[in-house]
Amino acid sequence: MPELPEVEIYSRYLQRHALGQRIARVRVLDERILGATRKATLVRRLTGEQFTSLRRHGKHLFAQAGERNWLHLHFGMTGDLAYYFDPADAPRFARVIFDFDGGGHLAFEDMRLFGIVDLTSDPDDYIREHALGLDPLDPALRLRLFRRLMEKRRGAIKPLLMSQQVVAGIGNLYADEILFRASIHPLRPADRMRPDEMKAVYTSMRRVLNEMVVLKAGEGDYPPRMLVQHREEGDLCPRCGGEIRRTVVGGRTTYFCSRHQR
DNA sequence: ACATTGACCTGAGAGC
DNA sequence: TGCTCTCAGGTCAATG
């Protein structure tokens with residue numbers, strides 16, 4: 001589930017609830033969630049520390065807990081955070097729980113275990129080692145740069161948008177939403193798109209992701225003008241009345257409007 | 001360099 | 001109620 005906007009919300013959630021609290025205890029309930037770090041190391045390097053600052057890059061979240069000591073979180077498909085006081089409120093699929101001095105608990109939950117909890121000495125190292133692209137909301141990612149990155153690659157536009165090596169943070173759901181708003185067919189070859197079309201994708205990417213963050217930060221549901229509300233074959237496009245089609249692109253279920261996305 | 005497929009996991013929901 | 005099947009918003013490795 002979690003793409004960039006959701007992870008941004010998790011970041012704020014962690015900021016609000018857990019920052020500045022001393023970690024009294026770290027409990028690893030299922031070691032399969034651990035990435036490159038062994039359980040004993042994770043526990044040793046976080047116990048007694050506190051999270052002092054946060055950094056999000058794409059779908060990755062880093063929480064600093066000392067000099068060259070960062071907790072790294074990736075949420076996979078079903079990852080989530082829960083902060084609570086009553087142990088009875090621990091989520092069913094909690095995999096790692098941080099107990100704070102003040103009596104609060106922060107759980108990393110992940111039903112399907114595709115997520116990762118581990119340590120890194122420096123988020124920049126992590127980003128480099130995993131060849132992650134720029135964050136799509138990074139101000140440094142101007143249109144010119146975006147265009148250059150995309151034109152270097154061939155293949156359909158949708159898998160490119162989802163490739164974390166080109167731009168990091170877009171998943172299946174919002175890739176569809178971005179192309180829907182840009183009126184571009186998901187299978188369009190990126191190297192054969194006109195400059196104004198690539199610009200539309202760029203603008204749409206920024207708008208969609210920013211809007212999603214605002215939406216997720218508030219109470220709001222997805223507005224009906226969005227494709228995300230019409231992910232069903234045969235639905236009618238809220239924009240042009242065309243028929244919504246379902247297909248598979250790059251192995252992922254894809255929805256698009258058969259009329260205004262060419 | 002790219003597309004495709006399967007693997008990793010576990011549940012929710014549909015259909016019978 | 002319970003069984004079986006399909007699907008799920010992510011990523012990686014192997015294969016063509």
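So that the names make sense, note that chain A is the first sequence line, chain B the second, and so on, each numbered from 1. Note that the structure is a prediction, hence the values are computed from the model and not measured.
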Whole-Å distance between B:dG11 P and A:D30 CG? 11 Å

Any base atoms under 4.0 Å from A:A175, or only sugar-phosphate, or nothing? Heavy atoms, all strands. nothing

Between B:dG11 atom P and A:D110 atom CG, what is the distance in whole Å? 11 Å

May A:F114 be described as stacking on the base of C:dT11, applying a 5.5 Å centroid limit and a 30° limit on plane angle? no

Please name the pair of heavy atoms, one in A:T37 and one in A:L42, separated by the smallest distance, quoted to 0.1 Å. CG2-N, 3.8 Å

List, one per line, each side-chain donor-acceptor pair under 3.5 Å for residues 82-89 of chain A, sequence neighbours excluded.
residue: A:Y83; atom: OH; partner: A:Q21; partner atom: NE2; Å: 2.9
residue: A:D86; atom: OD1; partner: A:A88; partner atom: N; Å: 2.9

Separation of B:dC9 C1' from A:I33 CD1 (nearest whole Å): 10 Å

Determine, using ring centers only, whether A:F98 and A:F108 are less than 6.0 Å apart. no

Respond yes when some side-chain nitrogen or oxygen of A:K59 is under 4.0 Å from OP1 or OP2 of C:dT11, and no when none is. yes

Let me know the distance between OH of A:Y255 and P of C:dC7, rounded to the nearest Å. 9 Å

Between A:R153 and A:G251, the residue closer to the 5' end of DNA chain B by nearest nucleotide is A:R153

Whole-Å distance, A:K158 NZ to B:dA3 P, equals 13 Å

In whole angstroms, the gap separating C1' of B:dA7 from CE of A:M77 amounts to 13 Å

Per the side chain to side chain donor-acceptor pair (under 3.5 Å) rule, which among A:R181, A:K216, A:R206 passes with A:E211? A:R181

So what does A:R154 touch, heavy atoms closer than 4.0 Å: a base, only the sugar-phosphate, or nothing? sugar-phosphate

Report yes if a side-chain nitrogen or oxygen of A:T253 is closer than 4.0 Å to either non-bridging phosphate oxygen (OP1 or OP2) of C:dC7; otherwise report no. no

With sequence neighbours left out, write down each residue that passes salt bridge (Lys or Arg N to Asp or Glu O under 4.0 Å) with A:E129, or none if nothing qualifies. none

How close do A:P2 and A:K59 get, counting heavy atoms only, and between which atoms? O-CD, 3.8 Å

Below 4.0 Å: OP1/OP2 of C:dG10 and any side-chain N or O of A:Q164: no

When you match A:A156 and A:M111 each to their closest nucleotide on DNA chain B, which lands nearer the 5' end? A:A156

Contact under 4.0 Å: A:R252 side-chain N or O vs C:dG10 OP1/OP2: yes

A:H74 side chain near C:dT11 phosphate (N/O to OP1/OP2, under 4.0 Å): yes

For the P atoms, the ones on B:dC9 and on C:dT4, what distance do you get once it is rounded to whole angstrom? 22 Å

Taking only N and O in the side chain of A:R32, is any of them less than 4.0 Å away from OP1 or OP2 of B:dT10? yes

Counting Watson-Crick and G-U wobble pairs only, both distances under 3.5 Å, name the nucleotide matched with B:dC9, or none. none

Whole angstrom value for the distance that separates P of C:dC12 from CD of A:Q165: 7 Å

With the side chain of A:R92 defined as its heavy atoms from C-beta on, choose the nearest nucleotide among B:dA12, C:dC7, C:dG10. B:dA12

Measure from CD on A:E177 to P on C:dG9 and round the result to the nearest Å. 14 Å

